[in-house]
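Residue numbering restarts at 1 for every chain, and letters A, B, ... go by the order of the sequence lines. Predicted model, so just to flag it, every value in this text is computed and none were measured.
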Protein chains: 2
Amino acid sequence: MKELEKQLQEKQIKPTAMRLVVLDYLLKQTSAVSLTDMEVSLKKTDRVTLYRTVKTFEEHGLVHRVEDGTGVTKFALCQPDCTANGHHDLHIHFYCTNCKETHCLPRTHIPEIMLPDGYDRQEINLLVKGLCAACKK
Amino acid sequence: MKELEKQLQEKQIKPTAMRLVVLDYLLKQTSAVSLTDMEVSLKKTDRVTLYRTVKTFEEHGLVHRVEDGTGVTKFALCQPDCTANGHHDLHIHFYCTNCKETHCLPRTHIPEIMLPDGYDRQEINLLVKGLCAACKK
DNA sequence: GCAACGCATGCAATCGTAGTGCATTATTTC
DNA sequence: GAAATAATGCACTACGATTGCATGCGTTGC
Ligand SMILES: [Mn+2]
Ligand SMILES: [Mn+2]
Ligand SMILES: [Zn+2]
Ligand SMILES: [Zn+2]
């Protein structure tokens with residue numbers, strides 16, 4: 001349990017009981033989760049508290065939000081090099097149209113994009129939809 | 001006006017009064033629009049009718065939806081080669097963090113993505129956020 | 001022309017998620 | 001331990017998406 005506390009403190013997040021539960025839950029996930037997912041899995045937790053917990057996590061560079069085109073925001077743990085000053089784990093997200101799961105693909109790099117003249121890039125979101133490895137078989 | 005009717009019929013969409021109004025409006029836009037945008041601009045139109053109109057357009061390959069991370073779905077006219085069997089105008093979308101407009105960049109091609117083994121790509125959504133040419137100055 | 005049919009439209013209502021306000025509770029500081 | 005500060009829980013609001021249903025309207029067969 002001390003391990004979880006340390007992970008929070010490294011990101012300057014005070015380790016409350018609720019936050020430890022949420023972090024523990026996030027560490028066990030293999031795909032990005034919505035607030036509703038969390039609410040269902042972690043019984044007895046208030047949705048708004050979860051909302052503010054992941055918001056805090058996001059602001060401190062512990063989780064990033066994933067936009068997978070379903071309309072509901074999902075969250076996943078960041079790679080280690082994210083901080084409160086910004087998220088640096090630029091990677092692809094994959095949405096499986098069969099199992100509806102959304103995966104981070106941190107190994108898959110985003111290629112350089114040539115924008116038209118005058119456009120100034122600040123951020124890139126690359127979402128690939130299709131069948132995940134488990135569903136393809 | 002016959003021109004508009006023809007455009008609908010080419011996509012197998014029956015040209016009703018409402019649909020002509022919506023298509024005319026979409027042709028005049030320089031950025032993707034939300035249902036609320038349409039509702040405000042086209043007075044006296046019912047939101048649900050607009051919803052179903054663009055849905056019909058989308059199903060027939062006349063418009064495509066644009067997910068720009070704002071949480072609200074936007075729509076824009078397709079390139080000519082989209083049909084009811086699928087949208088084929090794979091291109092980048094650009095969201096300007098200053099003016100909040102979302103542009104299709106149909107000239108900017110999406111580079112090839114190498115996915116991990118087992119993943120099967122069906123669709124790609126590439127969203128770039130930053131400053132548009134007008135706002136950068 | 002007219003009746004019957006099917007699709008399009010408009011209105012009301014529901015649903016689901018995001019977000020805010022505020023009182024209560026826990027934690028830190030002195 | 002008391003005061004100050006931060007986190008939590010509950011109530012409620014906001015808003016876009018979506019459905020159900022009644023009505024309107026154009027097309028077709030007669
Ligand atoms: Mn990710
Ligand atoms: Mn587009
Ligand atoms: Zn899958
Ligand atoms: Zn702009």
Side-chain angles (χ1 to χ4, degrees), chain A residues 1-2 4-5 8-9 11-26 32-60 62-76 84 95 100 102, chain B residues 1-2 4-5 8-9 11-26 32-60 62-76 84 95 100 102:
Chain A
M1 274 299 163
K2 287 299 169 198
L4 290 177
E5 290 192 25
L8 290 181
Q9 278 160 346
K11 303 280 184 174
Q12 327 290 338
I13 302 167
K14 288 187 212 164
T16 67
M18 177 89 273
R19 289 168 181 173
L20 291 170
V21 168
V22 173
L23 175 57
D24 181 55
Y25 171 77
L26 288 173
V33 292
S34 67
L35 280 184
T36 304
D37 292 333
M38 294 167 111
E39 200 183 9
V40 169
S41 297
L42 308 174
K43 309 267 192 259
K44 305 280 181 192
T45 57
D46 181 63
R47 185 185 184 89
V48 179
T49 304
L50 289 172
Y51 168 78
R52 288 191 269 230
T53 300
V54 292
K55 193 178 177 199
T56 300
F57 284 6
E58 188 189 13
E59 286 164 356
H60 288 76
L62 182 57
V63 306
H64 62 279
R65 73 179 50 216
V66 183
E67 293 152 5
D68 65 1
T70 60
V72 299
T73 306
K74 293 178 184 166
F75 300 90
Y95 175 73
K100 318 294 187 200
T102 303
Chain B
M1 275 303 160
K2 286 298 170 197
L4 290 177
E5 290 192 24
L8 289 181
Q9 277 161 346
K11 303 280 185 174
Q12 325 291 338
I13 302 168
K14 288 188 211 164
T16 67
M18 178 89 272
R19 288 168 181 175
L20 291 170
V21 168
V22 173
L23 174 57
D24 181 54
Y25 171 78
L26 288 173
V33 292
S34 67
L35 279 185
T36 304
D37 292 334
M38 295 167 108
E39 201 182 9
V40 169
S41 297
L42 307 174
K43 309 264 191 264
K44 306 282 182 188
T45 57
D46 181 63
R47 184 186 184 88
V48 179
T49 304
L50 289 172
Y51 168 78
R52 287 192 269 233
T53 299
V54 292
K55 193 176 177 201
T56 300
F57 285 6
E58 188 189 14
E59 287 164 356
H60 287 76
L62 182 58
V63 307
H64 60 280
R65 73 177 52 213
V66 183
E67 292 150 5
D68 65 2
T70 60
V72 299
T73 306
K74 293 178 184 166
F75 299 89
Y95 175 73
K100 319 291 187 202
T102 303

Colleague: What is the distance from atom CG of A/Leu42 to atom CZ of A/Arg47, rounded to the nearest 0.5 Å?
Modeller: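 It comes to 12.5 Å.
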Colleague: Would you mind telling me which residue lines up with the more 5' stretch of DNA chain D, B/Lys74 or A/Thr16, judged by nearest nucleotide?
Modeller: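 It is A/Thr16 whose nearest nucleotide is closer to the 5' end.
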Colleague: What distance do A/Arg52 atom CZ and A/Glu59 atom CD have between them, rounded to the nearest 0.5 Å?
Modeller: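 Output value for this atom pair is 12.0 Å.
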Colleague: For the OG1 atom of B/Thr53 and the OH atom of B/Tyr25, what is their distance to the nearest 0.5 Å?
Modeller: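 Here the interatomic distance stands at 13.5 Å.
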Colleague: If I take atom CG in residue A/Leu23 and atom C1' in nucleotide D/dA7, what distance separates them, rounded to the nearest angstrom?
Modeller: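 One finds 17 Å between C1' of D/dA7 and CG of A/Leu23, rounded.
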Colleague: Rounded to the nearest Å, what distance is computed from the CG atom of residue B/Leu50 to the P atom of nucleotide C/dA8?
Modeller: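 After rounding, the reported distance stands at 15 Å.
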Colleague: With a non-hydrogen cut-off below 4.0 angstrom, is A/Val72 in contact with a base, only sugar-phosphate, or nothing?
Modeller: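 Sugar-phosphate contact only - A/Val72 comes under 4.0 Å of backbone atoms but never of a base.
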Colleague: Between atom CE in A/Met18 and atom C1' in D/dC10, what is the gap in whole Å?
Modeller: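 The distance from CE of A/Met18 to C1' of D/dC10 comes to 15 Å, rounded to the nearest Å.
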Colleague: Using whole Å, report how far CG of B/Asp46 lies from P of D/dA22.
Modeller: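 From B/Asp46 CG to D/dA22 P: 17 Å.
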Colleague: Would you tell me if any nitrogen or oxygen in the side chain of B/Tyr51 comes within less than 4.0 Å of OP1 or OP2 on D/dT18?
Modeller: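 Yes.
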Colleague: With a 4.0 Å heavy-atom cut-off, tell me which residues in residues 34-42 of chain B come close to DNA chain C, sorted by residue number.
Modeller: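 Close to the strand, none.
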Colleague: Flag the pair B/Tyr51 / B/Asp46 as yes when at least one side-chain heavy-atom distance between them is below 4.5 Å, and no otherwise.
Modeller: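 In short, these two side chains do not touch, never coming nearer than 4.5 Å.
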Colleague: From CD of A/Glu67 over to P of C/dT17, roughly how many Å is that when rounded to an integer?
Modeller: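 To the nearest whole Å, that distance equals 17 Å.
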Colleague: What I want to find out is whether B/Glu58 reaches B/Lys55 closely enough, with some N-O distance under 4.0 Å, to be called a salt bridge.
Modeller: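 Judged by the 4.0 Å cut-off on N to carboxylate O distance, B/Glu58 and B/Lys55 do not form a salt bridge.
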Colleague: D/dG20, C/dT20, D/dA17: which one has an atom nearest the side-chain heavy atoms of A/Val48?
Modeller: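 So the nucleotide nearest the side chain must be C/dT20.
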Colleague: Closest-nucleotide mapping onto DNA chain C: is A/Lys14 or B/Arg52 further toward the 5' terminus? I mean the 5' end.
Modeller: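 Of the two residues, B/Arg52 wins.
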Colleague: Starting from C1' on C/dA18, measure out to CZ on A/Arg65 and report it in whole angstrom.
Modeller: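 Nearest whole value for this atom pair: 10 Å.
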Colleague: Looking at CE of B/Met38 and OG1 of B/Thr45, how far apart are the two atoms once the value is rounded to the nearest 0.5 Å?
Modeller: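 The OG1 atom of B/Thr45 is 8.0 Å from CE of B/Met38, to the nearest 0.5 Å.
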Colleague: Regarding B/Thr73, tell me which of base, sugar-phosphate or nothing describes its non-hydrogen contacts under 4.0 Å with the strands shown.
Modeller: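 It contacts sugar-phosphate atoms only.
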Colleague: Report the distance from atom CZ of A/Arg47 to atom P of D/dA14, rounded to the nearest whole Å.
Modeller: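 To the nearest whole Å, that distance equals 18 Å.
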Colleague: Would you mind classifying the nucleic acid contact of A/Arg19 as base, sugar-phosphate or nothing, using non-hydrogen atoms under 4.0 angstrom?
Modeller: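 Result for A/Arg19 = sugar-phosphate.
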Colleague: Rounded to the nearest 0.5 Å, how far does OG1 of A/Thr56 lie from CZ of A/Arg19?
Modeller: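 Those atoms lie 5.0 Å apart.
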Colleague: Take atom NZ of B/Lys55 and atom C1' of C/dT9, then tell me their distance rounded to the nearest Å.
Modeller: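 Roughly 15 Å, once rounded to whole Å.
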